[in-house]
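Only heavy atoms go into these numbers, but all of them, side chains included; no hydrogens, no water, no symmetry mates. So you know, we letter chains A, B, ... as the sequences are listed, proteins then strands, and number each from 1.
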2 protein chains.
Amino acid sequence: MSIEYRFAVNVLPKPGILDPQGRAVEGSLAHLAIEGVTAVRVGRRVELTVAADDEGAARTVVEQLARELLSNPLIEAFGLELLGATSSTTSATGAGR
Amino acid sequence: MSIEYRFAVNVLPKPGILDPQGRAVEGSLAHLAIEGVTAVRVGRRVELTVAADDEGAARTVVEQLARELLSNPLIEAFGLELLGATSSTTSATGAGR
């Protein structure tokens, strides 16, 4: 009955917020002899499956999760990415696929 | 002369590799009264700008960086995402835009 939506939540430091991991990556570029790379920002990516009746309902759940658990709204911004959808009619058999 | 490409590198634990952060997120769902969320995988997302002559050259640099610095190839897989491109002809003025 319900549809399984695969989402990605991308969490990144807001513009202007200090990003020590990004600075660390930039500091390592010289050791790898890599040139021309700038403006590195390091964040998180969370991929998850949510079962819902339609895409709107799924998006609402993922947004709540992103806002309340996966990001710190003071210093981070998040974006959602829909990766795919599969309708799970009778998933009693073949669950391993 | 060169073009500035904005890329994202998505790094996620390989299938079958233990993902304790993903399990921790799943364990917190009940506290938020969120149902229907499964298969949570937690990884990193790195966004960066690379100046190169064309997209192929830019992609080569980002792939080297992802392979040698941003991911652990034993336990993680990465994917590249091209976010945009801007030609930087004379960027001496208006650099803040």
Side-chain angles (χ1 to χ4, degrees), chain A residues 1-13 15 19 21-22 24-53 57-58 60-70 76-79 81 83 86 88 91 95, chain B residues 1-13 15 19 21-22 24-53 57-58 60-70 76-79 81 83 86 88 91 95:
Chain A
M1 299 283 275
S2 73
I3 304 169
E4 298 205 325
Y5 296 91
R6 187 77 178 162
F7 275 91
V9 181
N10 298 318
V11 182
L12 284 157
D19 177 15
Q21 289 184 96
V25 170
E26 287 171 1
S28 301
L29 294 173
H31 301 294
L32 294 171
I34 289 179
E35 286 180 6
V37 172
T38 53
V40 180
R41 307 289 281 171
V42 177
R44 289 186 300 288
R45 180 178 174 94
V46 182
E47 296 187 359
L48 53 86
T49 299
V50 54
D53 289 335
T60 301
V61 170
V62 179
E63 271 180 8
Q64 186 198 346
L65 190 58
R67 205 174 46 239
E68 299 183 8
L69 186 66
L70 303 179
E76 295 172 325
F78 67 85
E81 224 178 279
L83 302 176
T86 51
S88 58
S91 57
Chain B
M1 300 284 273
S2 72
I3 304 170
E4 298 206 323
Y5 296 90
R6 187 77 179 161
F7 275 91
V9 181
N10 298 316
V11 182
L12 283 157
D19 178 14
Q21 289 185 97
V25 170
E26 288 172 357
S28 301
L29 296 171
H31 300 294
L32 294 171
I34 289 178
E35 287 180 4
V37 173
T38 54
V40 181
R41 307 289 279 172
V42 177
R44 288 185 302 289
R45 180 179 175 91
V46 181
E47 295 187 359
L48 53 87
T49 298
V50 55
D53 289 333
T60 300
V61 170
V62 179
E63 272 180 7
Q64 186 199 346
L65 190 58
R67 204 175 45 238
E68 297 183 8
L69 186 68
L70 303 178
E76 293 171 328
F78 67 84
E81 224 177 279
L83 302 177
T86 52
S88 57
S91 56

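Ranking B:V25, B:V50, B:V62, B:T49 against chain A, the residue ahead of the rest is B:T49, based on heavy-atom pairs under 4.5 Å. With chain A as partner, the option from B:L12, B:L69, B:V9, B:T38 having the largest number of non-hydrogen pairs under 4.5 angstrom is B:T38.
Across all non-hydrogen atoms, the minimal contact from B:Q64 to A:I34 is OE1-CG1, 3.7 Å. Scanning both residues, B:R6 and A:R41, for their nearest heavy atoms gives NH2-CG, 3.7 Å.
Taking CD of B:E81 as the reference point, atom CD of A:E81 lies at 4.5 Å (rounded to 0.5 Å).
Summarising the local packing, CD of B:E68 is surrounded by more than 12 heavy atoms from other residues, nucleotides or ligands at distances under 6.0 Å. Within a 6.0 Å sphere centred on CD of B:E63, heavy atoms belonging to other residues, nucleotides or ligands number more than 12.
Within the 4.5 Å cutoff, side-chain heavy atoms of A:L65 are placed close to those of B:L29.
If you measure heavy-atom distances from A:L32 to chain B, the contacts under 4.5 Å come from both the backbone and the side chain.
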